[in-house]
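Scroll down for the structure; my scribbles are underneath it.
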Number of protein chains: 2
Amino acid sequence: MNAYRDLRVAVLGCGSVGSQVARLILEEGDELAARVGARLTLVGIAVRDLDAPREADLPRELFTTDADRLVLGADVVVELMGGIEPARSLIVRALEGGADVVTANKALIAAHGPELRAASEQVGAQLSYEAAVAGAIPIIRPLEWSLAGDRITRVMGIVNGSTNYILDRMDRFGDTAEDAMRVAAELGFLEADPTLDVEGYDAAQKATILASIAFHTEVPVDKVHREGIREITAEQIETAKHAGSVIKLLAVAERLAASDGTPGVSARVYPALISRDHPLAAVHEGKNAVFVEAEAAGELMFYGAGAGGVETASAVLGDLVSAARRHVVGGPGMLGSNHAALPILPVGEVTTAYQVILEVRDQAGVLATIAGLLAQHGVSAESVEQSVPADAQGTASLVIGTHRAREADLAAMVDDLRASDVVTSVVSVLRREGNA
Amino acid sequence: MNAYRDLRVAVLGCGSVGSQVARLILEEGDELAARVGARLTLVGIAVRDLDAPREADLPRELFTTDADRLVLGADVVVELMGGIEPARSLIVRALEGGADVVTANKALIAAHGPELRAASEQVGAQLSYEAAVAGAIPIIRPLEWSLAGDRITRVMGIVNGSTNYILDRMDRFGDTAEDAMRVAAELGFLEADPTLDVEGYDAAQKATILASIAFHTEVPVDKVHREGIREITAEQIETAKHAGSVIKLLAVAERLAASDGTPGVSARVYPALISRDHPLAAVHEGKNAVFVEAEAAGELMFYGAGAGGVETASAVLGDLVSAARRHVVGGPGMLGSNHAALPILPVGEVTTAYQVILEVRDQAGVLATIAGLLAQHGVSAESVEQSVPADAQGTASLVIGTHRAREADLAAMVDDLRASDVVTSVVSVLRREGNA
């Protein structure tokens, strides 16, 4: 084993992922050396507090609080601190020094991906971030490389485990939203402040990264249309189940043409109905999956653990081996590519289908009024179901499934339904994806 | 676009995959050039018959019958002729000439993978074959690279679309085996001679390739234990359904320890029961999927089209872009690796679980006799169900689910059951995988 040269690896951060990465580098040294063709030497782990408890048993002498110094002289820097600063500055410094960088920091890549990719390309170093989206699931590399000769048309992902856990409990055990949230929090699926997950911010960061890679276009996170699951009720889940569907929080990135014909890209996050026959419907608990449609390959799906220290560490180590191989065989790093530079279209330009549940007056001519209103907006109904008989107040419940139409038209239609005399209440509006 | 240098691409074979690959190289020239950083020039397509009809409209002047000459001077050779010779010799010649080679030829890689990998490594060229297993699904690259820092313990794939189509019809529409085969043949899912599919030869070739990559060990195809679906009956499918399971033809590659503790590898193909909760159970029609278990990453699944001209062309183009990038950026090709060189264990050493259906005499003491017989072989029953009442002949039907045990012990147990006085017939013996 002494025939191998050494590569110096610095790890920044020692939380649940960092401690597992450090442990695996130490424990799997021989195996990694055989795969890389060089020995990976862990030169240090940068932490804020030398005495904090760690999830893995790591030699104390590896810890340092001097991250700045640690990145100097490292061949590969593995950034697992999270947050924007000082992670961003340390990565830039590492790249400028010629080191390859591996990171799992989705917030950073979503916010500063273009700048960091440019920094890596300038020096011919490699920046990789497989673990930033969907944890252990290899999705970045397949999108960038395996499908490099194809044309991706659509990416639909369940990329937030916490919200999937909540929706799955509501679907499978009939939990109320409140109960499901409580259980998710108890089991550690939710942060103390669940806003990032529940409001879709986390999924939107991942949508940015997926859209950028799939469409060779920079997609800023503030251009991602975002709706969370806060409003989803047990009744909506029940109605979905009755219709053979399930509600999932989806991150959707799509290549499409605007109404004037301009090609563009849409990225959005919202809860949507998915048919139970769709592969995404079988993604339970905290699992993640990314469903990809490409012109030649057709439909593909990538499924696995979206979070967890050791699971995410697997993706980090895959990137680490790839970066280390680059040091051994030479050549510049893999290039990101924004050559397509398509415009980012607003959600109104998207073509989608709606399920609208209305409470309407139970009187003659109501259906005709509503049908006329749909027609005004160029929306056609695929199905109309009067789901419960008229109640004592003289109202009935209508479930309308529309055909696909422009989002802007669908939204205007819903506004008009809301304002209509015959509609007493708009109970639920959900998109339908994957032919739900 | 003229700033790009040219890379010479030769395509060998112009069947359903070859014609799509050639078409895409021609049609997507600008897009591919942007991703590669060089223009891919299709210098020729080697065919046997210049006048045969083609699935894509391709310029006639590209066709040649002189494959030998075509590979000389090509930067990347894409072999899509199939079969062993002349494909093998042409690939060796191309690699020796320094060209990178992309192939979808599973039979060739299964039979001559080690020799061809050695030839590519000797000259630092790249040999890639993403399309050889599971068509459009990126599985080779994720196994080789994304999981390079992890330790794969098990790979279970539905890798033959024809047999999955047949089993899926039997399960979902209640077809007899005969009817399902006839429909599969009518829809083009089966070759004129269905033996390669139905007897599991095709799946065994893919198991060889998956096992070799997952475990860094050469696994010759004749060491793959192989059972096909010829014996699967509508009754077995029905019994499986009743028990919440489905029968799938699985290619399994597993890292395990022999009974004497030796670490080794098992590769096998057989129809097995899978619980309907398992992600592989939802793989319908001719789709493929590969389920991977790794120590750190946990469970992953890769799903998509396992065959089809344009779908498979997507995987070929991904490899082509990767090979072309290597020419642009320099450096040797990706190395295969057989450094682990684990022994290949016979199927008897595998630990698995059985479902055994027996017809037994309906008399006192039968259950005790059978339980005693299981115990003799160190096999314990997880469930015993008397599934139908005794019939006029005085026999009853017993469905036994065993706990996991050594295959050799299970097989000996079945032999003894067959020989037992109280057993009138062994109706069905199936493995149970994925906690079915």
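Small disclaimer: the values here were computed from a predicted structure and weren't measured. Labels below follow one simple rule: chain letters A, B, ... track the order of the sequence lines, proteins then strands, and each chain is numbered from 1.
- Contacts of residues 301-310 of chain B with chain A at a heavy-atom distance below 4.5 Å involve B:Met301, B:Phe302, B:Tyr303, B:Gly304, B:Ala305, B:Val310, listed in sequence order.
- Interface remark: B:Ala313 contributes no atoms to any contact with chain A (heavy atom separation under 4.5 Å).
- Going from atom CZ of A:Arg151 over to atom CG of B:Leu24 covers 10.0 Å, rounded to the nearest 0.5 Å.
- Listed options B:Leu300, B:Val292, B:Asp277, B:Val321 were ranked by heavy-atom pairs under 4.5 angstrom with chain A; first place goes to B:Leu300.
- Identified by a heavy-atom distance below 4.5 Å to chain A, the contributing residues of residues 281-291 of chain B are B:Lys287, in residue-number order.
- When A:Gly298, A:Pro138, A:Gly37 are compared by the number of non-hydrogen pairs under 4.5 Å with chain B, A:Pro138 comes out ahead.
- Atom CZ of B:Arg35 is separated from atom CG of A:Asp150 by 8.0 Å, given to the nearest 0.5 angstrom.
- Per-residue heavy-atom pair counts under 4.5 Å with chain B were compared for A:Ala136, A:Ala315, A:Ser146, and the maximum is reached by A:Ser146.
- Proximity to chain A is limited to the side chain of B:Leu32, based on heavy atoms less than 4.5 angstrom apart.
- With a 4.5 angstrom heavy-atom cutoff, A:Leu147 touches chain B via backbone and side-chain atoms both.
- Between chain B and the residues A:Gly318, A:Ala296, A:Gly135, the most heavy-atom pairs under 4.5 angstrom are made by A:Ala296.
- Applying the ring-ring contact (aromatic ring centres under 6.0 Å, His included) criterion to A:Tyr129, with sequence neighbours excluded, gives no partner residue.
- With sequence neighbours excluded, no residue forms a side-chain hydrogen bond (donor to acceptor under 3.5 Å, both in side chains) with A:Glu299.
- Annotation: the span from B:His216 atom NE2 to A:Glu31 atom CD amounts to 6.0 Å, rounded to 0.5 Å.
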